Amino acid sequence: MPELSPRRRLLVLAICCMSLLLVSLDNTVLNVALPSLQKELHASTSGLQWTIDAYTLVLASLLMLAGSTADRIGRRRVFTAGLVVFTLGSLLCSLAPNLDALVAFRMVQAVGGSMLNPVAMSIITNTFTDPRERARAIGAWGAVVGLSMAAGPLVGGLLVDSVGWRSIFWINLPVGLAALVLTLRFVPESRAPKARRADPVGQLLVIALFGSLTYAIIEAPHAPLSATAPFGALALGSLIALLRYESRRREPLIDLRFFRSAPFSGATVIAVSAFASLGGFLFLSTLYLQNVRGLSALEAGLWMLPMALPTFLCAPLSGRLVGNRGPRLPLLIAGGAMTAAGLLFALFEAETSNATLVAGYVLFGVGFGFVNAPITNTAVSGMPRAQAGVASAVASTSRQLGQALGVAVIGAVLAAGVGSSSYAERFVQASRPGWWILTACGLAVLVVGAATSGRWARATARRTAERLEEAEIREAAGADA
């Protein structure tokens, strides 16, 4: 990629942030629309889970493929294709006649989305080569997640109350088209110096692992053990086969050598935990505010602002801290705040009091605002630039897998607890185990963040990067010979 002027670099960052806004706004907007979907399409709790998880699962399954493909055939080319497919999928979602069609069209959206976030992060990594500039750029990138959380509930609530849930997909159309035009005009093409070959077997094993695991969790409260156990066994078998196959492959879909770096492994665990907490938090909060408190979609969106605004404000601050002092402090703040938020709900039933509800939302928003920048920066900063697409795709995959598992697990716990009793009467008690799970996720962010951000961890990252670069040189020399 040619060296760009500071002004052009900022423009490229803005275009990449538009793609993130598309993908993340879609999830926050849809969460507010869940009760309306439930009524109009007669959806069960598991049906609501699938409208979210069909999207996040396809994203998680294809992100690494998209990242490596972009490194191979061109990042701008893949990014442009992703914008086209995502925008088309949004149009189809707005026309869905029933729940099954909506789930299918959400999967089309996700195919496009898988070509956006990891590729955009790879573009940012190769555009901002100075570590401090890159950390600040990633902080701005993370702030877009906060912006989507702030704008999503409000915009979604307004659209659902005034026009209907289908209109939430219309907002993707102008943003997607604008991002497409700007990408073609201003984003330069770039590729990795050495192309990685496709790994269809690894890709199929990833799809089998993620899909079967999520299906077993979501359907467990509604189906007999004999119906879900085979999917659990398939998930375990797929995991074992994936680890064995990828460790022997010369150019794997998932380079297991990355995980020799303690910060990279820690970032993966933190991403899964933090986004599982986010998925479960939004799922529980939306259903509680609308189905138990009886609020409209717009009122529910306003109630979620104390969570969204701190995320928006803290994300760029986290990026600056990572750039100046490293990821340790942001991760400790994130883990502590998310754990405290979970405990408020798990121990003190925070949702039953307005004051504690707002306090819980603010704490979670602060925690989530601080967690995104150190995840992304840690995932890509210790890796060779040629592998930026794959490394950032692993981080993005961890986020989406975490969110899918959070919705699946929390929804399953809620469905099992509510049963056939009065929904409103049983909701608070039925959600208690879910809040304990989210507390454990916050604690995982705190503990793993503290353990993998010290000097010894950074030393493992340096050794891993050196070994990867040496391996690349040897492989290139062998190919030339």
Side-chain angles (χ1 to χ4, degrees), residues 17-18 20-36 52 56 117 138-161 168 171-172 175 274-290 293 295-319 330 333-334 336-342 344-345 350-351 354-373 375-376 399 402-403 406-407 410 435 438 441-442 445:
C17 286
M18 288 177 70
L20 177 62
L21 183 64
L22 275 174
V23 177
S24 57
L25 186 65
D26 210 63
N27 265 341
T28 55
V29 170
L30 186 62
N31 267 280
V32 176
L34 287 178
S36 297
I52 297 175
T56 52
N117 283 6
I138 292 172
W141 165 271
V144 175
V145 178
L147 178 62
S148 71
M149 290 181 66
L154 289 177
V155 174
L158 183 62
L159 289 173
V160 170
D161 284 351
I168 65 176
I171 59 177
N172 294 334
V175 179
F275 278 76
S277 187
L278 173 67
F281 202 100
L282 290 176
F283 193 80
L284 285 176
S285 296
T286 300
L287 294 180
Y288 171 77
L289 290 171
Q290 295 188 57
R293 286 206 171 191
L295 302 179
S296 67
L298 179 58
E299 290 170 334
L302 290 170
W303 265 100
M304 294 172 73
L305 275 179
M307 174 176 60
L309 289 178
T311 299
F312 175 65
L313 296 173
C314 292
L317 174 59
S318 177
I333 294 173
M338 293 174 76
T339 303
L344 266 181
F345 288 92
E351 64 266 58
N354 289 344
T356 52
L357 180 64
V358 170
Y361 281 178
V362 169
L363 282 170
F364 187 87
V366 169
F368 192 76
F370 272 96
V371 81
N372 220 16
I375 289 173
T376 305
R399 291 183 176 91
Q403 191 162 353
V407 173
I410 299 303
W435 289 117
L438 299 186
C441 289
V445 172

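Please read all numbers here as calculations on a predicted model, not as lab measurements. Below, each value reflects all heavy atoms present in this structure, side chains not excepted, and no hydrogens, waters or symmetry copies. Quick note: residue numbers are just sequence positions, from 1.
Between atom CG of residue Leu30 and atom CD1 of residue Ile168 there is a gap of 5.0 Å, rounded to the nearest 0.5 Å. The distance from the CG atom of Leu313 to the CG atom of Leu317 is 9.5 Å, given to the nearest 0.5 Å. The CE atom of Met307 sits 4.5 Å away from the CG atom of Leu282 when rounded to the nearest 0.5 Å. Atoms CD1 and CE, on Ile333 and Met338 in that order, are 13.5 Å from each other to the nearest 0.5 Å. The distance from atom SG of Cys17 to atom CG of Leu22, rounded to the nearest 0.5 Å, is 11.5 Å. Atom OG in Ser277 sits 8.5 Å away from atom CD1 in Ile410 (nearest 0.5 Å).
For the side chain to side chain contact (heavy atoms under 4.5 Å, CB included) test, residues two or more places apart in sequence or in another chain that qualify with Leu289 are Arg293, Leu295, Ala300, Trp303, Met304, Leu357, Tyr361.
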**OP:** For the pair Phe283 and Leu34, evaluate side-chain contact (heavy atoms from CB on, under 4.5 Å) and give the outcome as yes or no after the intermediate values.
**Re:** CA-CA 9 Å; Phe283 193 80; Leu34 287 178; 4.0 Å; yes

Subject >> Check against side-chain contact (heavy atoms from CB on, under 4.5 Å), Arg399 and Asn372 >> reply: CA-CA 10 Å; Arg399 291 183 176 91; Asn372 220 16; 3.0 Å; yes

Subject >> Ile171/Leu159 under side-chain contact (heavy atoms from CB on, under 4.5 Å): CA gap, chis, key distance, verdict >> reply: CA-CA 10 Å; Ile171 59 177; Leu159 289 173; 3.8 Å; yes

Original post:
What do the steps show when you test Phe364 against Leu278 for side-chain contact (heavy atoms from CB on, under 4.5 Å), and what is the final call?
Top reply: CA-CA 9 Å; Phe364 187 87; Leu278 173 67; 4.0 Å; yes

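In terms of modelled atom types and a separation under 3.5 Å, the side chain of Thr339 and the main chain of Gly442 share a donor-acceptor contact. Here the side chain of Ser318 pairs no donor or acceptor atom with the backbone of Pro330 at under 3.5 angstrom. A donor-acceptor pair under 3.5 Å is absent between the side-chain atoms of Gln290 and the main chain of Leu287, judged by distance alone.
Considering every non-hydrogen atom in both Val32 and Ala297, the closest pair reads CG1-O, 3.5 Å. The minimum heavy-atom distance between Ala337 and Leu363, with the atom names listed, is CB-O, 3.4 Å. Across all their heavy atoms, Ile375 and Val371 have their closest contact at CG1-O, 3.2 Å. Between Thr311 and Gly365 the shortest heavy-atom distance is OG1-O, 3.0 Å. Residue Ala334 comes nearest to Gly367 through the heavy atom pair CB-O, 3.2 Å, listed as atom of the first residue, atom of the second, then distance.
Between Trp435 and Phe281, the ring planes are perpendicular. Angles over 60° get that label, and only those under 30° would be called parallel.
Using a 4.5 Å heavy-atom threshold, the side chains of Val407 and Thr56 count as separate.
Under the 6.0 Å cut-off for aromatic ring centres, Phe368 and Phe275 qualify, their centroids lying closer than that.
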